[in-house]
Amino acid sequence: MGRSADPQVAADPEVAAAIAASAAAIRRHAGHNILIESGPEPVIDRLAGRPIPPGGALRAWTFVVKDMIDVAGLPTTRGSSLYGGEEALTTAPCVESLELAGALLVGKANQHEFAWGVTSENPHWGDVGNPRHAHLAPGGSSGGTAAALAAGIARFGLGTDTGGSVRIPAACCGVVGLRPRVGVLPVTGVAPVAPMFDVVGPMATSVADCAWVWQVLTGTPPLEPAGPRPLAGLVVGVAEGCPQAGEFADLGATLREIALPYDILTPYWTIVGAQARRGHEATFPRNADAYSPGVRRKLAAAAGIGHQEYRRAVGELARIRAAFASEMSGVDLVVAPTLGGPAPRAGCDEAAVRGEVGRVTAVVSALGLPALAVGDLQVVGRTEAEVLRAGRCREEHGGDVPPPR
C-alpha cells in the first residue's frame with residue numbers, strides 16, 4: 001500500500017479509511033489463503049490509480065469477488081492452475097454495476113477448484129482458512145468470499161452458487177448469502193459449472209447489507225420497514241426441524257411441517273455431472289493430472305452420461321418440481337437449516353462429507369427457488385424480495401446469525 005497517498009484517495013477520507021482497513025485485514029489474515037493474487041500486483045493496489053466515484057449507493061463499501069468472475073485487467077483462475085494465464089478483457093456486468101455504485105474491489109477470492117466442492121481446499125492456491133472457526137473448513141465453493149467477510153477484508157462479496165456454494169460458506173463462516181433464481185442476475189463473464197443451475201449471489205455480514213447490495217445489482221426498490229408482526233398472514237413451512245422456526249411464529253407467521261423432496265437429487269446430480277463434464281471437455285481427461293484428486297474423481301464419475309439419460313433426468317426434474325409446487329400451495333416460505341449436517345472440519349475428506357453437508361442446499365437449487373442463508377438458517381421462497389424481507393424482519397427483531405453445528 002505504498003501508493004495510498006494518491007491524491008484521489010487521500011481527498012476522500014472515507015474511501016481512504018475503507019481501503020486502509022481492508023489492507024490491514026489482508027495482512028492480518030495472510031495465512032488464511034483467502035485471496036488469489038495471480039496478477040503482477042495486489043488487487044487492492046489498483047484502487048490507488050483509478051478514479052473513485054464521488055457518490056453512489058455503495059460509496060466506500062469494499063468487496064471481493066470469487067475468482068470465477070471476470071474483472072478486466074485481472075486473471076480469472078477458476079481456482080485452478082489451468083486458467084489465469086491471460087487477463088480478462090471485460091468486467092462481468094454484476095461487478096461493473098457495483099463499481100459504478102462506488103464499491104471498491106479489494107480482492108479476488110479463493111475457492112474450491114472449479115467451484116466444485118464444499119470445503120474450499122485448494123492444492124493450487126492454498127486451502128482457505130476459516131477466520132471465525134479455526135477448527136472448521138470455511139465451506140465451499142465460495143469459501144474465500146465468506147472468509148473475507150468474516151475476516152473484515154471486505155464489507156460484502158460476490159460468490160457463485162450451483163448446489164450451495166454461496167449458502168454453505170455463509171453457514172460455516174457465520175455470514176449471510178443469497179442464492180437468486182437462475183436468470184435474475186446475468187452470468188456473463190462468469191465461468192460455468194452447470195449452466196442450468198449456476199447463479200451469482202451477494203454475500204455480506206448482515207441481511208440489511210445483503211439486501212442493499214441486491215437492490216444495486218437489480219435496481220429493485222428498497223425493502224419496507226418491518227412492523228411489530230411483519231409476517232402476519234404468512235404460512236411458513238418448517239423442514240428438517242429448523243431450530244429457528246419459532247422466531248417466525250413470533251413475527252406472526254403460521255407454521256406447518258413439510259418434507260423436502262430429496263428424490264429430486266438423483267436427476268439433479270445427473271444434470272450437474274453431465275453439464276460439468278461437457279464444460280471441461282477441452283481440458284479433461286487430456287490434462288487430468290492438473291486437476292485436484294477430488295474434482296478429477298467427480299468428472300470421471302460423470303463420464304458416460306449420455307443424451308438419453310440426460311433427457312430423462314431433465315424430465316424427472318421438471319416432474320418433481322411441479323409436484324412440490326402443488327404440495328406447497330398455500331405455503332409462502334420454507335425455513336430449514338442451511339447445512340444438512342455438521343459443518344465440515346478443517347482437513348476433512350471432502351468426498352466423505354459433501355453429500356450430507358450439501359443435501360438441503362442442493363434440493364433448493366434443484367427446485368429452482370431463491371434462498372437466503374443467514375448462517376445455518378435457510379429461508380426459501382418464490383422471489384428474492386420475499387426471502388430478503390423475511391430475513392430482514394427477523395434481523396430487525398433481534399434474530400442473530402446461527403452458528404455452524
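As the structure is a prediction and not an experimental result, all values here were calculated from the model.
- When the shell of 6.0 Å around CH2 of W61 is examined, it contains more than 12 heavy atoms from other residues, nucleotides or ligands.
- Classification of R46 and E41 as a salt-bridged pair fails, no side-chain N sitting under 4.0 Å from a carboxylate O.
- Exactly one residue among L217, T145, V166 makes a side-chain contact (heavy atoms from CB on, under 4.5 Å) with L158. That residue is L217.
- Applying the salt bridge (Lys or Arg N to Asp or Glu O under 4.0 Å) criterion to E86, with sequence neighbours excluded, gives no partner residue.
- Taken from CG in L98 to CG in L104, the straight-line distance is 11.0 Å, to the nearest 0.5 Å.
- If you check the side chains of S38 and K108, you find no donor sitting under 3.5 Å from an acceptor.
- Using a 4.5 Å heavy-atom cutoff, the side chains of K66 and M203 are not in contact.
- One finds the CG atom of D161 at 8.0 Å from the CD1 atom of I168 (value rounded to the nearest 0.5 Å).
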Do T119 and E350 pass the side chain to side chain donor-acceptor pair (under 3.5 Å) test, and can you show the C-alpha distance, the side-chain angles, and the key distance before you say yes or no? CA-CA 6 Å; T119 59; E350 195 266 347; 5.3 Å; no
Before giving the answer on side chain to side chain donor-acceptor pair (under 3.5 Å), spell out for R389 and T383 the whole-Å C-alpha distance, their side-chain angles and the decisive distance to 0.1 Å. CA-CA 10 Å; R389 179 177 178 274; T383 68; over 6 Å; no
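- Q378 pairs in a side-chain contact (heavy atoms from CB on, under 4.5 Å) with only one of the listed residues (T338, L339, V387), which is T338.
- Side-chain contact between F324 and D263: absent, with no pair of heavy atoms (C-beta onward) separated by less than 4.5 Å.
- Between R312 and E309, none of the side-chain N atoms (NZ, or NE/NH1/NH2) sits under 4.0 Å from a carboxylate O, so this pair counts as no salt bridge.
- Between R167 and D376 there is no salt bridge, since no side-chain N of the basic residue sits under 4.0 Å from a carboxylate O of the acidic one.
- No more than 12 heavy atoms of other residues, nucleotides or ligands shown are found within 6.0 angstrom of CZ on R278.
- Residues R354 and W116 fail the side-chain proximity criterion, which asks for heavy atoms closer than 4.5 Å.
- Salt-bridge formation is not detected for the pair R359/E356: no Lys NZ or Arg NE/NH1/NH2 atom is positioned less than 4.0 Å from an Asp or Glu carboxylate oxygen.
- Side-chain atoms of R155 do not come within 3.5 Å of backbone N or O of L149 as any donor-acceptor pair.
- With hydrogens and angles ignored, the 3.5 Å screen pairs no side-chain donor or acceptor of E14 with any backbone N or O of A60.
- For the pair P261 and E327, the minimum side-chain heavy-atom distance is 4.5 Å or more.
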